[in-house]
Amino acid sequence: MNFYNFINLLRIESIKQENTINLIASENYSSLSTIIYSSSCYINKYTEGYPKNRYYSGCKIFDIFENKSIIESQLLFSSNFSNTQPHSGAQANFCAFQTLLKKNDKILSLDLKSGGHLTHGFKKNFSYKIFNIINYCLDKNNLINNYNIELLIKKEKPKLLILGYSSYQNLIDFKKLNKIAKKQNCYVLSDISHISGFICSGLIENPINNSDIVSSTTHKTLRGIKGGILLSNNKKIFNKINSSVFPGQQGGCISNNIIGKYISFKEANNFNFIKYTKQILINSKIMLKTFLYRGYISSIKNTINHMFLINLLNKCTLLIEKILEKNGILLNRNFFPNDIKSSKNPSAIRIGLSAITTRKFKNLEVELLSNYICDIIENYNNIFKNKVKILCKKFPIYI
Ligand code: PLP
């Protein structure tokens, strides 16, 4: 492909991003500073190892950047130790397992259909192939039930309890569940990938003192570059985390991404970020309320984070996703708790509000957008394309 075709494709993608409304709960828009700093000359540099202990020469300046990213993330999450090298959330989880477990050890985690993540034990994932997975599910009220988890821990005696989710609308009682796990000598990994933005803003309880390891992605509500991070307050465990990441899981880290992570951690360590995350909560509550008002079913009647599930019952969610995309609205289809449908055409759609809140959507626009979506779902039509474009023009991603 010649250079001009390549630039043209990037231009088309960025125009598409500007002209579509993104309700994908895993996505967000990084700041221009994060984009610029993470596209630096460090793309060229191998930095295998850790600060002051590298396996290539010429890493002195990078040591400064990596140390800054570590210190900034420790401040952000009030943690004693942090490793900012994992390339992704999945890799961070693998390193956490490798730190705490041996092959075939038992893991207790939230079932995929209840909102758990692939890396928490899905059949086709490494976690299922290497470890012995047992799941807890949501109770009849679609909530995580501490008592059920306690019974399972007593009966199954897992070595690790995973707390964390990809689609769940309520709080987790980290303190109580850690206490239950500790009574049975069970480690706790809190995977805060989706809620890390709220945790560092103090809007959701920080599990750092009630977990052996905390893992997270850096690109969802945290609004940084794509990547992972591992945190702990236990020095002994942390030393193992470091060797589990390198040389246990990877060679060189993605040097330029570490700088992007540093920039976005710094941005999140700011009063404006707290205001931003508060607005996400307001927006997600408004959108869910509008859906409920129009007669839709969610897994519970509230949300304490950026996302929620809407059960579309007999409608084909694959088709709904496509029709919404034709109108310029992006989201993903998802399992609803206890879903009997397939992963290709599950019962629900998952809606996340963090990206549009970055665009500064507030109460009025969110309510308007919610009604557009309900109308599209009910009438299967394409007539909102221009209205969506007008909204996008009013709220550009990058000003
Ligand atoms: N953990 C949870 C709870 C997630 O939701 C995700 C991603 O969606 C991951 C881990 C994996 O993150 P990544 O896609 O960066 O590997």
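Each ligand, and each atom within it, is numbered from 1 in the order the structure gives.
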Taken in chain and number order and not counting sequence neighbours, the residues that satisfy ring pair (Phe, Tyr, Trp, His ring centres under 6.0 Å) with F97 are F131

Within the 4.0 Å heavy-atom cut-off around ligand 1, the contacting residues, ordered by chain and number, are S88, G89, A90, N93, H117, Y165, S166, D191, S193, H194, T217, H219, K220, K226

Taken to the nearest 0.5 Å, the spacing of I349 CD1 from E321 CD works out to 9.5 Å

Value for CG (N28) from CG (L222), rounded to nearest 0.5 Å, stands at 9.0 Å

Which of K389, R359, R11 passes salt bridge (charged side-chain N to carboxylate O under 4.0 Å, His left out) with E18? Answer is R359

Excluding F62, membership of its hydrophobic cluster (Ile, Leu, Val, Met, Phe, Trp, Tyr; side-chain heavy atoms within less than 4.5 Å) reads Y37, Y42, I61, F65, I258, I259, Y262, I263

By ring pair (Phe, Tyr, Trp, His ring centres under 6.0 Å), Y128 pairs with (sequence neighbours left out) none

